[in-house]
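In what follows, a single structure is set out as structure tokens and then discussed.
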Protein chains: 2
Amino acid sequence: MLLLWLLNRYGLFMNRPMRTRRGATLASLAAELGVSRTTVSNAYNRPDQLSPELRRRVLETARRLGYPGPDPVARSLRTRKAGAVGLLLTENLSYAFRDPAAVGVLEGLALACEDAGVGLHLVPASPGREEVAAVHRAGVDGFVVYSVPDDDPHLAAVLSRPVPTVIVDQPRLDGVDRVSPDDETAIVSVADHVAGLGHRQIGVLCMRLGRDRNDGFASVDRQQRAHYHVQRTRLAALARTFEAVGVDWNTVPVVERFDHTVDDGATAARQLLDTYPRVTAIICTSDILALGALAEAGRRGLRVPADLTITGFDGIAEASRAGLTTVHQPVLEKGRAAGRLLLSASDRVKPEVITLPTELRVGTTSAPPRTAEEQWFGP
Amino acid sequence: MLLLWLLNRYGLFMNRPMRTRRGATLASLAAELGVSRTTVSNAYNRPDQLSPELRRRVLETARRLGYPGPDPVARSLRTRKAGAVGLLLTENLSYAFRDPAAVGVLEGLALACEDAGVGLHLVPASPGREEVAAVHRAGVDGFVVYSVPDDDPHLAAVLSRPVPTVIVDQPRLDGVDRVSPDDETAIVSVADHVAGLGHRQIGVLCMRLGRDRNDGFASVDRQQRAHYHVQRTRLAALARTFEAVGVDWNTVPVVERFDHTVDDGATAARQLLDTYPRVTAIICTSDILALGALAEAGRRGLRVPADLTITGFDGIAEASRAGLTTVHQPVLEKGRAAGRLLLSASDRVKPEVITLPTELRVGTTSAPPRTAEEQWFGP
DNA sequence: GTGAAAGCGCTAACAC
DNA sequence: GTGTTAGCGCTTTCAC
């Protein structure tokens, strides 16, 4: 039994006349049964189109011949439906799977796909790899693109394909569906909160601003030229808000990190505090970085928020556990909305942009700065 | 420009004579250029087969006509290569993405796929859904099946497809490639450790034993009939080890949980301790459950390991952070090995089984039991 | 270096 | 309820 199965599996077991040594096809099944291909096809796809008895015979013969049912690729070619959604994620997977915000999006997207009964095809695309062939090779009905830089070659490849595309977060492209939080409002709410507390000596920790690695301070020029729309927007909004309360943005240190881990957040905070020890608040463009900053503050014996205010962005579970002041965005919903949008794309004609709500969550890591006197003499 | 692009995108923009309103094809491109289809195909797939000049012309015309390159599905049909690996995961994705062990496997698999430049196709298959159509619809070159019950219908569907399959962890099927840790040895090392410390009043927390929900005590019969090979093996090995030191396994409470979360581990521990307060050690078949048990112990004011020994299984990062005594298994390697095995499947003929090493890691959650006197009068 | 012929395996009209 | 016809869009010998 097992032997037969193996032989059959490896295509060595052919009990039907055939030129090649491959398995049975719908045509060969039809021939064996003495019916037309249509009938066999119907047995699988439209059970109501043929008598139960005939259907039983077809399926039974199929089993006997080891016919595994209609070939999905051939069917896709014919029906012009791949039954899968592509996900483009230009990030190390090892990282993507560890970032709760990314996992949330992935999960939401997967849920939407599951609801629709379509597969989720992860396109292999590491950050370094310029190879976009994988995008062209993916047999999918559409793509979800998650947070890539403006000039990502994979994104260009995706857009060149004649299938609907939904971008999550970034970049912002006219004519392309998008799902993203109201980034501007969100970051402004944090900035207002921090500025409102009275902080004027601030520092910023941000994520990668370009496809090139720059682990260190980011000049205003670099900030403005950032290839990542989200970071660019957040920094610009911060600049505007603090300029409005009299802070010269040119004097505000912004530390960039290529990788996005808690450790990187910690080293970024260290770099910031080593050079600018008088900073009273660190605004981070992500919770992950903020958690790192929190760790570094602890290491230096700085009390948060008494000595230092730290804020994040995203509202991941770890952040609320740590009591981080942050902006929450519904990441799972983001992914799910993207999936739904994509799967309903054929119904629409005009590009749609879904903006998700965000919410400032004041935790225990933000407070008014100590006065200069307090700083030197204690409260 | 944008308008043109949009029109083209939605197939309304046809500058070529065509019956349908769909985009250009390789054939239409060839016609336009006055060359054969072969030449156009070569321009994409075998650049060395035609003059650079001609190739340039082809690509240039393609761009002009908005031809997105060879259709991946048609190509797959012709080449009999889908360029994707299917992943069958009969578990709520929301859970799968939260379980570090599962994420590790996923990540390793994704890495292997990335190395090979093939996509990873997540098959939509929730636990409840009996719908196996998605398996048949997936255009993939093979499947990786991650930890499903013996009688999973999706698994049956996968095996009916004429593509190679690699099973990770469970079930154990003759003739099918598999990658799994040495479960037996691993759990015995924990059991020996606990038994060696002198524990005789033990309790066990285990994961789902069948596709039916049974949140509560699991009879020996149920243990032995478990549809999940891994759990069955682990429980059997525990039974054997403790019987060997004089414990009657019939008296050992085993609490089962359908869902696999820290909270479930906590409620399971509560149920166990409420009914069997004299238990001195809780052996858990996963770190997640053990972390829950740890939390519950804290809630009850039980000191670990002074009052209660707790052990886990998997060696996830959270476990080492908590100092949990556990068995570590290389989850990332497991996924990567599965991917490599699958992608090299055509080279082999005989089924291969890869067994990964495990390692007992004694932490700070295991110690000898207090004597009866100590229990009542303190140390 | 280029082209002609021959399908890959299937489904959707439409006719019977 | 069942069969006939006509491709879906592509690659791949093999000839020229």
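None of the values given here were measured: they were computed from a predicted structure. Convention: sequence-line order gives letters A, B, ...; per-chain numbering from 1. Reckoned from all heavy atoms, side chains included, excluding hydrogens, waters and symmetry mates.
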Q | N/O (side chain, Ser36(B)) to phosphate O (OP1/OP2, dG3(C)) under 4.0 Å | A | yes
Q | Plane angle bin for His121(A) and His121(B) - parallel if under 30°, tilted between 30 and 60°, otherwise perpendicular | A | perpendicular
Q) Arg37(B) has an atom CZ; how far is it from atom C1' of dT11(D), in whole Å? A) 10 Å
Q) Between the base of dT4(D) and the side chain of Thr38(A), is there a donor-acceptor distance below 3.5 Å? A) yes
(Q) If the test is side-chain contact (heavy atoms from CB on, under 4.5 Å), which one of Leu342(B), Val144(B), Val118(B) qualifies with Cys113(B)? (A) Val118(B)
(Q) I want to confirm an ordering. Mapping Arg78(B) and Gly69(A) to their closest nucleotides on DNA chain C, which one lands closer to the 5' end? (A) Arg78(B)
**Q.** Distance, rounded to the nearest Å, where Arg75(B) contributes CZ and dG7(C) contributes C1'
**A.** 18 Å
Q. Side chain of Leu26(A): nearest nucleotide among dC8(D), dC10(D), dC10(C)?
A. dC10(C)
Q. For Ser41(A) and dT11(C), is the shortest distance between a side-chain N/O and OP1 or OP2 below 4.0 Å?
A. yes
Q: Can you tell me the distance, in whole Å, between the CG atom of Leu33(B) and the C1' atom of dG1(C)?
A: 15 Å
Q) Can you check the Arg80(A) CZ to dG7(D) C1' distance for me, whole Å? A) 11 Å
Q | Within residues 46-58 of chain A: residues closer than 4.0 Å to DNA chain C (heavy atoms) | A | Arg46(A)
Q: Using atom CG of Leu77(B) as one end and atom C1' of dT12(D) as the other, report the distance to the nearest whole Å.
A: 13 Å
Q | Rounded distance (nearest 0.5 Å) linking atom CG of Leu65(A) with atom OG1 of Thr25(A) | A | 10.0 Å
Q. How close or far is atom P of dC8(D) from atom CG of Asp71(B), stated in whole angstroms?
A. 12 Å
Q: To the nearest Å, give me how far apart CG (Asn42(A)) and P (dT2(D)) are.
A: 9 Å
Q. Which residues within residues 134-141 of chain A lie with some heavy atom under 4.0 Å of an atom in DNA chain C?
A. none
Q.
From OH of Tyr44(A) over to P of dA12(C), roughly how many Å is that when rounded to an integer?
A. 16 Å
